[in-house]
Peer 1: 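Below you will find the structure I want to go over with you.
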Number of protein chains: 2
Amino acid sequence: MKKLAEMLHKKGFKATPQRLEIINYLMNTKSHPSAEEVYKNIKEKFPTISFATVYNTLETLKKSGDIKELSIDHERKRFDIDLSPHDHFFCKKCKKVIDIYEHKSLKKDLPDTIEGNIIEEISLFYIGICESCQKT
Amino acid sequence: MKKLAEMLHKKGFKATPQRLEIINYLMNTKSHPSAEEVYKNIKEKFPTISFATVYNTLETLKKSGDIKELSIDHERKRFDIDLSPHDHFFCKKCKKVIDIYEHKSLKKDLPDTIEGNIIEEISLFYIGICESCQKT
DNA sequence: GTGTTTGCAAAGAATTTGCAACGAA
DNA sequence: TTCGTTGCAAATTCTTTGCAAACAC
């Protein structure tokens with residue numbers, strides 16, 4: 001936990017307990033939570049936390065490049081603190097987001113540009129029905 | 001335009017002038033417009049059209065599978081009536097969405113499932129700075 | 001004529017903002 | 001002490017809904 005504080009300091013951010021808790025939560029979940037999910041979880045330890053703080057923190061982390069915003073769930077923004085190269089599977093039914101580390105060809109021989117447009121990143125989502133939803 | 005009406009009738013929808021105009025607009029733009037963009041454009045011919053009608057129509061077309069909702073623009077939903085297999089480039093700066101028909105390996109040897117999850121579709125976005133934004 | 005669709009206005013959901021009080025450094 | 005951050009409440013933005021009137025068929 002001390003490392004986290006240092007990391008924040010380096011970037012010029014204050015290591016408030018709320019922030020540390022949000023980051024800690026993000027690092028320990030695979031759910032790719034929405035702001036509301038983060039809020040609900042942090043509220044257990046910090047009953048007075050507000051949405052503003054959650055949104056502020058998520059926005060701050062997004063700008064500093066420490067989390068990524070996923071654009072797959074049409075209803076709400078979802079976040080991922082796992083920056084290692086990976087893709088996602090999105091279940092239409094339960095809205096679950098599953099990490100896919102199996103890297104197919106695509107990202108390996110990625111060109112720098114496509115039709116003159118500079119590629120900075122790639123977003124790849126597999127969409128369908130997840131394993132557990134198939135059973136129900 | 002007659003074909004459009006027939007197509008709608010086949011699906012059990014009424015071919016209202018508003019609908020025809022919305023579909024016509026979608027078929028003649030490459031901008032992958034948001035609901036608001038559609039609304040503004042249709043309003044020129046139908047000054048009394050409401051957002052409700054635009055959203056209703058887009059929702060109807062989405063459910064019937066005649067348009068696709070793009071999940072790349074974090075701010076708002078965007079729509080594409082081009083159902084041919086293609087990908088998109090999203091410009092971070094001007095928010096433009098550009099069609100990419102150049103098919104890389106990925107979608108060709110697509111498995112039916114990945115880690116037990118049934119894949120129904122794939123969403124692939126190239127994200128970066130478009131050609132015209134590079135110049136400014 | 002019948003049932004769908006429109007258009008208005010109001011409601012709802014997600015996110016953002018203003019600002020005073022607080023607290024990390 | 002200082003300036004970034006919090007928390008509240010209000011505001012904003014995008015989207016949806018209820019319902020009466022209008023209209024496609």
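What you see is a predicted model; the values in this text were computed from it and never measured. We name chains A, B, ... by the order of the sequence lines, and we start the count at 1 in each one. Computed from heavy atoms alone, side chains included, the values below leave out hydrogens, waters and symmetry copies.
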Peer 1: Under 4.0 angstrom, heavy atoms only, what part of the nucleic acid is E59(B) near: base, sugar-phosphate, or nothing?
Peer 2: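 Nothing, no heavy atom under 4.0 Å.
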Peer 1: Would you say S34(B)'s side chain and E37(B)'s backbone share a donor-acceptor pair under 3.5 angstrom?
Peer 2: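 Flag set: sc S34(B) to bb E37(B) pair under 3.5 Å.
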Peer 1: Is there a side-chain contact between R78(A) and I72(A) (heavy atoms, below 4.5 Å)?
Peer 2: no
Peer 1: Take the protein atom CD of E6(A) and the nucleotide atom P of dA25(C), then report the distance between them rounded to whole Å.
Peer 2: 11 Å
Peer 1: Between P on dG4(D) and CG on L20(A), what's the gap in Å once rounded to a whole number?
Peer 2: 18 Å
Peer 1: Measure CZ/F79(B) against P/dC14(D) and give the value in whole Å, please.
Peer 2: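 The answer, rounded to whole Å, is 13 Å.
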Peer 1: Just the rounded figure in Å: distance from P of dT15(C) to NE2 of H74(A).
Peer 2: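 That distance rounds to 14 Å.
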Peer 1: Starting from C1' on dT16(C), measure out to OH on Y39(A) and report it in whole angstrom.
Peer 2: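 Rounded to the whole Å, the gap is 15 Å.
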Peer 1: Do NZ/NE/NH1/NH2 and the carboxylate oxygens of E121(A) and K92(B) come within less than 4.0 Å?
Peer 2: yes
Peer 1: Flag yes if more than 12 heavy atoms outside K43(B) fall under 6.0 Å of its NZ atom; otherwise flag no.
Peer 2: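 Yes - once you tally the heavy atoms of other residues, nucleotides and ligands closer than 6.0 Å, there are more than 12.
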Peer 1: OP1 or OP2 of dT15(C) less than 4.0 angstrom from a side-chain nitrogen or oxygen of Y55(A), does that happen here?
Peer 2: yes
Peer 1: Could you list all N or O pairs between the protein and nucleotides 6-9 of chain C that sit under 3.5 Å apart?
Peer 2:
residue, atom, partner, partner atom, Å
dT6(C), OP1, T16(B), OG1, 2.8
dT6(C), O3', Q18(B), NE2, 2.9
dG7(C), OP1, Q18(B), NE2, 3.1
dG7(C), OP1, T48(B), OG1, 3.1
dG7(C), OP2, T53(B), OG1, 3.1
dG7(C), O5', T48(B), O, 3.3
dC8(C), OP2, T48(B), O, 3.1

Peer 1: Can you tell me the distance, in whole Å, between the CG atom of D73(A) and the C1' atom of dA14(C)?
Peer 2: 12 Å
Peer 1: Take a 6.0 Å sphere around NZ of K62(B) and say whether it holds more than 12 heavy atoms from other residues, nucleotides or ligands.
Peer 2: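 Yes, NZ of K62(B) has more than 12 neighbouring heavy atoms, counting only those of other groups under 6.0 Å.
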Peer 1: Return the value, rounded to whole Å, for the distance between atom NZ of K10(B) and atom C1' of dC25(D).
Peer 2: 17 Å
Peer 1: DNA chain D: E36(B) or A15(B), which has the more 5' nearest nucleotide?
Peer 2: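 Counting from the 5' end, the first nearest nucleotide belongs to E36(B).
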Peer 1: Measure up the H86(A) and H32(A) rings against each other and bin them: parallel (under 30°), tilted (30 to 60°), perpendicular (over 60°).
Peer 2: tilted
Peer 1: What I want to find out is whether R76(A) reaches E36(A) closely enough, with some N-O distance under 4.0 Å, to be called a salt bridge.
Peer 2: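 No.
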Peer 1: Out of dG3(C), dT16(C), dC14(D), which nucleotide sits closest to the side chain of R76(B)?
Peer 2: dC14(D)
Peer 1: F51(A) has an atom CZ; how far is it from atom P of dA13(C), in whole Å?
Peer 2: 12 Å
Peer 1: Is there a donor N/O on one and an acceptor N/O on the other, under 3.5 Å, for the side chain of K77(B) and the base of dC14(D)?
Peer 2: no
